J.: 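For reference, the structure I am asking about is given below.
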Amino acid sequence: MTRVLTIFALFCSIGLFAQPIHTERIEYSEDSANLYDCIPFKTDGILLKTIELNKQASKKNEVLTYVKYDTAFHKISSTDITLPSKRTARLYHTNNAMHYDMRYRNSGEYTISAIAAHDLSTHTIHGKMPKSTTVSYMRGIGDYVYILGFTKELPILLIQNIHTGETEFGKIIPLNKRHFSIFSFEINEDTQEVYLFTKDEGKNEKLVKFYVYKDGKKTNEKIIKSPDSEKQIISAFASQLNDGSYLISGTYGNASKRNDTST
């Protein structure tokens with residue numbers, strides 16, 4: 001039995017007759033490799049992420065092999081990255097230029113690999129968070145990785161430069177721990193910004209906070225209130241406009257029912 005990965009390259013033209021579909025196929029034997037992921041990068045082709053079984057030398061670590069193919073499915077190059085695997089939690093993130101793989105332990109120790117789709121250059125960084133931190137999100141943009149989660153029921157945002165290894169903490173201070181939550185954490189690749197939305201509650205009023213980070217620093221923090229007391233914001237997403245202001249879009253729910261269902 002073989003493990004089969006099939007990738008279709010479709011070249012379409014508008015005409016009166018259907019064009020044939022050309023199919024390229026790579027087969028991996030189950031005895032030699034485990035297919036982890038197929039990561040598309042638009043005009044930069046794709047990365048195949050596999051675990052080559054003959055390269056594994058330790059039960060504590062695993063060797064990930066990244067193979068780059070161009071858009072015509074021609075093999076360009078490959079590289080190996082060794083990451084801890086024993087008793088680790090894992091998170092992944094991909095933007096238009098990079099793929100990130102994070103492993104962390106209950107002790108707070110973590111390792112992140114960042115691999116560039118363009119030339120397969122890699123950066124591996126190590127760090128330590130407070131013990132028993134639970135990571136909810138990991139995002140990467142520019143020279144920075146943003147690690148967002150909770151420790152002792154309090155939010156924590158750790159920002160690390162993947163080149164220098166320097167770290168700092170983003171200040172996120174809840175008004176009410178019982179009613180605090182994170183509901184959106186995304187990147188804007190055009191502006192190299194990170195957008196964070198949190199829900200909180202103060203003086204019997206539900207609030208949404210909007211944070212903006214760029215180049216490892218917080219550049220904006222704003223409380224967003226619903227213009228209608230009968231409506232509460234359920235979800236929100238941000239886009240920066242040409243004049244530097246932000247457009248917030250999302251959904252709202254019925255405030256009197258105090259639920260998180262959008263209406």
Side-chain angles (χ1 to χ4, degrees), residues 34-37 39 47 49-53 55-66 79-95 98-116 121-187 194-200 209 211 213 215-218:
N34 290 329
L35 179 64
Y36 233 50
D37 204 358
I39 308 162
L47 292 184
K49 182 179 179 181
T50 62
I51 297 178
E52 307 288 338
L53 301 182
K55 296 180 181 179
Q56 311 308 308
S58 170
K59 293 183 179 180
K60 294 183 180 180
N61 299 305
E62 64 184 5
V63 180
L64 300 176
T65 298
Y66 290 87
T79 190
D80 293 337
I81 296 177
T82 300
L83 292 175
S85 61
K86 189 175 183 180
R87 296 179 180 176
T88 59
R90 308 178 183 190
L91 286 93
Y92 312 102
H93 173 67
T94 303
N95 60 32
M98 304 281 290
H99 175 71
Y100 302 85
D101 190 324
M102 178 180 182
R103 312 293 174 91
Y104 73 95
R105 295 189 173 99
N106 190 58
S107 63
E109 296 177 343
Y110 65 85
T111 302
I112 300 175
S113 74
I115 182 167
S121 59
T122 62
H123 298 279
T124 300
I125 55 178
H126 306 276
K128 188 167 184 177
M129 306 173 290
K131 187 177 180 180
S132 300
T133 296
T134 300
V135 180
S136 304
Y137 304 89
M138 183 262 298
R139 300 285 184 260
I141 190 69
D143 293 338
Y144 294 89
V145 173
Y146 299 79
I147 304 168
L148 179 64
F150 289 88
T151 179
K152 296 181 180 180
E153 298 182 353
L154 290 173
I156 179 175
L157 176 60
L158 179 64
I159 306 170
Q160 183 163 18
N161 188 303
I162 63 174
H163 297 289
T164 66
E166 295 179 348
T167 61
E168 62 178 271
F169 289 94
K171 293 182 179 179
I172 304 173
I173 303 174
L175 298 175
N176 189 321
K177 289 195 301 182
R178 291 181 57 192
H179 298 284
F180 177 88
S181 63
I182 297 166
F183 67 93
S184 181
F185 189 53
E186 302 301 333
I187 62 172
V194 179
Y195 302 143
L196 167 64
F197 286 92
T198 65
K199 291 181 183 179
D200 210 337
K209 267 194 175 184
Y211 300 82
Y213 298 87
D215 296 332
K217 304 291 184 181
K218 182 170 68 176

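None of these values were measured; they are calculated from a predicted model.
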J.: For the residue pair F180 and F150, does the interplanar ring angle fall in the parallel (under 30°), tilted (30 to 60°) or perpendicular (over 60°) class?
T.: perpendicular

J.: Is there a side-chain contact between Y137 and V194 (heavy atoms, below 4.5 Å)?
T.: no

J.: Could you report the tightest heavy-atom contact between K131 and N106, atom names first, then the distance?
T.: CG-O, 3.4 Å

J.: Does the Q160 side chain pair with the main chain of G165, one donor and one acceptor, at a distance under 3.5 Å?
T.: yes

J.: Might you point out which heavy atoms bring G142 and I162 nearest each other, and give the distance in Å?
T.: O-CD1, 4.3 Å

J.: Can you tell me how the ring of Y213 sits relative to the ring of Y211, calling it parallel under 30°, perpendicular over 60° and tilted otherwise?
T.: parallel

J.: Have a look at M102 and tell me which of T111, T88, I125, I112 forms a side chain to side chain contact (heavy atoms under 4.5 Å, CB included) with it.
T.: I112

J.: What distance do T94 atom OG1 and K49 atom NZ have between them, rounded to the nearest 0.5 Å?
T.: 7.5 Å

J.: Who are the side chain to side chain donor-acceptor pair (under 3.5 Å) partners of K218, not counting sequence neighbours?
T.: E221

J.: Using the rule given for side chain to side chain contact (heavy atoms under 4.5 Å, CB included), can you reason through Y104 versus M138, listing the C-alpha separation, both sets of side-chain angles and the distance that settles it, and then say yes or no?
T.: CA-CA 11 Å; Y104 73 95; M138 183 262 298; over 6 Å; no

J.: Which residues satisfy the side-chain contact (heavy atoms from CB on, under 4.5 Å) test with S85, sequence neighbours excluded?
T.: E62, R90, R103

J.: So, taking the atom named CZ in R105 and the one named CZ in R87, what distance separates them when rounded to the nearest 0.5 Å?
T.: 9.0 Å

J.: Take Y195 and S184 through the side chain to side chain contact (heavy atoms under 4.5 Å, CB included) test and state the conclusion after the steps.
T.: CA-CA 8 Å; Y195 302 143; S184 181; over 6 Å; no

J.: Does any part of the side chain of D101, heavy atoms only, come nearer than 4.5 Å to the side chain of I81, both counted from C-beta?
T.: no

J.: For residues T198 and P155, determine if any side-chain heavy atom of one lies less than 4.5 Å from a side-chain heavy atom of the other.
T.: no

J.: Using 0.5 Å steps for rounding, measure from the NE2 atom of H179 to the NZ atom of K199.
T.: 13.0 Å

J.: Is any side-chain heavy atom of P84 less than 4.5 Å from a side-chain heavy atom of E109?
T.: no

J.: Considering only heavy atoms from C-beta outward, does the side chain of I51 approach that of L64 to under 4.5 Å?
T.: yes

J.: Do the non-hydrogen side-chain atoms of Y146 and I141 ever get within less than 4.5 Å of each other?
T.: yes

J.: Can you run down the salt bridge (Lys or Arg N to Asp or Glu O under 4.0 Å) pairs that involve residues 151-179, sequence neighbours left out, and say none if there aren't any?
T.: E168-K217

J.: Charged N to carboxylate O below 4.0 Å: is that the case for K209 and D200?
T.: no

J.: Enter the distance from I187:CD1 to N95:CG here, rounded to the nearest 0.5 Å.
T.: 4.5 Å

J.: Under a 4.5 Å cut-off applied to non-hydrogen side-chain atoms, are L83 and S113 in contact?
T.: yes

J.: So how far is it from L148 CG to T133 OG1, rounded to the nearest 0.5 Å?
T.: 11.0 Å

J.: Check whether any side-chain heavy atom of I182 lies under 4.5 Å from a side-chain heavy atom of I172, and answer yes or no.
T.: no

J.: After noting the C-alpha distance and the side-chain angles of Y110 and I147, does the key distance pass the side chain to side chain contact (heavy atoms under 4.5 Å, CB included) rule?
T.: CA-CA 11 Å; Y110 65 85; I147 304 168; 3.9 Å; yes

J.: Which pair of non-hydrogen atoms, one from S107 and one from K128, has the smallest distance, and what is that distance?
T.: O-CE, 3.3 Å

J.: Might you point out which heavy atoms bring M98 and A114 nearest each other, and give the distance in Å?
T.: CE-CB, 3.6 Å

J.: If you apply the rule side chain to side chain contact (heavy atoms under 4.5 Å, CB included), what do you find for H123 with H163, and how did you get there?
T.: CA-CA 7 Å; H123 298 279; H163 297 289; 3.2 Å; yes

J.: Rounded to the nearest 0.5 Å, how far apart are OG1 of T164 and OH of Y144?
T.: 6.5 Å

